[in-house]
2 protein chains.
Amino acid sequence: MTRRYHCPVELTLDVIGGRWKPVILAHLKEGVHRYGELRRRMPGISEKMLTQQLRELESDGLVTRAVFAERRPRVEYSLTAEGASLGPVLQLLYEWGERRAGARGVAFAPLPPETPDSR
Amino acid sequence: MTRRYHCPVELTLDVIGGRWKPVILAHLKEGVHRYGELRRRMPGISEKMLTQQLRELESDGLVTRAVFAERRPRVEYSLTAEGASLGPVLQLLYEWGERRAGARGVAFAPLPPETPDSR
DNA sequence: CCGCATCCCAAATGATACTG
DNA sequence: CAGTATCATTTGGGATGCGG
């Protein structure tokens with residue numbers, strides 16, 4: 001990832017680029033989320049990609065991973081301060097998509113129903 | 001591109017995602033640019049990718065392509081109104097990259113020198 | 001529940017040479 | 001100048017199965 005950048009936008013994209021990272025960050029922006037919770041909110045992503053992208057975000061200092069090895073094990077993800085500094089960007093990406101969807105009559109697919117043991 | 005979106009951010013990324021589109025848009029945001037001008041400002045991109053990305057941006061309604069078949073042929077690219085509506089997003093992507101670069105001591109590579117006939 | 005490992009395919013991107 | 005065409009490579013992403 002040590003590429004040569006000619007423009008700051010390139011650097012930003014190297015960190016948050018890709019099909020999923022901004023979506024993940026946009027969800028975490030709303031608060032702490034467990035792994036399974038993120039998966040349900042992103043029905044299109046595979047487990048492999050979700051794990052992989054989360055780890056990259058972690059190693060880039062944008063996300064914190066907290067493991068709780070209790071009787072009901074869970075892992076919680078949240079934004080670091082640097083991750084949170086992306087808030088305005090994510091907000092605009094969200095709003096721009098909303099407006100474009102509205103202008104073109106695009107609807108968003110609903111999330112799958114909650115399962116009893118999802119919590 | 002008719003995918004099912006679960007979150008507005010996904011739609012936005014479908015339009016401006018990828019390694020180069022935001023960089024291209026960030027340059028056009030500063031004003032009209034010719035093809036060769038863009039190429040010089042993005043030394044990392046191949047001609048094929050530049051052409052391809054510009055055409056996609058055009059067909060997504062973000063960019064205008066104007067051909068001048070004069071004795072010194074040229075093609076000028078500029079933002080449409082919808083493309084210009086991405087201004088704030090691009091601005092933030094730029095600024096975030098700048099701040100991260102500053103915080104980590106990353107420098108940006110200089111552009112290649114001007115050649116006499118580049119204009 | 002939250003992953004990791006492996007294999008495999010498709011899409012994205014790149015290098016290079018050539019053209020109107 | 002502003003691209004095409006072609007080929008090669010890299011990366012993204014999915015499916016499946018196993019493990020702590």
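Order of the sequence lines sets the chain letters (A, B, ...), proteins ahead of strands, with each chain counted from 1.
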Give a yes/no on whether any side-chain N or O of B:T51 is located under 4.0 angstrom from OP1 or OP2 of D:dA2. no

Which pairs, with at least one residue in residues 76-88 of chain B and sequence neighbours excluded, count as a salt bridge (charged side-chain N to carboxylate O under 4.0 Å, His left out)? A:R100-B:E82, A:R104-B:E82, B:R74-B:E76

When you compare the side chain of A:L79 with that of A:T64, does any pair of heavy atoms fall below 4.5 Å? no

Sugar-phosphate, base or nothing in reach of B:R71, heavy atoms under 4.0 Å: nothing

Between D:dA2 (P) and B:E76 (CD): distance, integer Å: 9 Å

Could you check how far CD1 of A:I24 sits from P of D:dG12, rounded to whole Å? 13 Å

Who pairs with B:R41 by salt bridge (Lys or Arg N to Asp or Glu O under 4.0 Å), at least two apart in sequence or on another chain? none

Return each pair, listed once, that meets side chain to side chain donor-acceptor pair (under 3.5 Å) where at least one residue sits in residues 84-94 of chain A; pairs must be two or more places apart or across chains. A:K29-A:Q91, A:S85-B:W96, A:Q91-A:E95

Look at the rings of B:Y35 and B:Y77 and say which category their plane angle falls in: under 30° parallel, 30 to 60° tilted, over 60° perpendicular. tilted

Side-chain contact test, heavy atoms from C-beta onward, threshold under 4.5 Å: evaluate it for A:S78 versus A:V63 and give yes or no. no

Below the 4.0 Å mark, does C:dG3 have OP1 or OP2 next to a side-chain nitrogen or oxygen of A:R55? yes

At under 4.0 Å between heavy atoms, what does A:F68 touch on the DNA or RNA strands: base, sugar-phosphate, or nothing? nothing

Atom-to-atom span, CG of B:D14 to C1' of C:dA11 - whole angstrom: 13 Å

Separation of A:R65 atom CZ from C:dC2 atom C1', in whole Å? 8 Å

Rounded to whole Å, please give me the gap between CG in A:L50 and C1' in C:dC2. 10 Å

So do A:P8 and B:F108 actually touch side chain to side chain, heavy atoms under 4.5 Å? yes

Excluding sequence neighbours, so at least two apart, what forms salt bridge (Lys or Arg N to Asp or Glu O under 4.0 Å) with A:E56? A:K21

Does C:dG3 have its OP1 or OP2 closer than 4.0 Å to a side-chain nitrogen or oxygen of A:R34? no

Could you give the CG-to-C1' distance, from A:L38 to C:dC1, as a whole number of Å? 14 Å

Quantify the bending of the helix from C:dC1-D:dG20 to C:dG20-D:dC1 as the angle between its end axes, each fitted on five pairs, to 10°. 60°

May I have the distance from B:R40 (atom CZ) to D:dG3 (atom P), rounded to whole angstrom? 14 Å

With 3.5 Å as the limit, what N/O pairs link the protein to nucleotides 13-20 of chain C?
{"unit_1": "C:dT13", "atom_1": "OP1", "unit_2": "B:R19", "atom_2": "N", "d": "3.1"}
{"unit_1": "C:dT13", "atom_1": "O4", "unit_2": "B:K48", "atom_2": "NZ", "d": "3.3"}
{"unit_1": "C:dG14", "atom_1": "OP2", "unit_2": "B:W20", "atom_2": "NE1", "d": "2.8"}
{"unit_1": "C:dG14", "atom_1": "O6", "unit_2": "B:K48", "atom_2": "NZ", "d": "2.4"}

Taking C-beta and beyond as the side chain, do B:L62 and B:I16 meet within less than 4.5 Å on heavy atoms? yes

Counting only side-chain nitrogens and oxygens, does B:Y35 get under 4.0 Å of the OP1 or OP2 atom of D:dT4? no

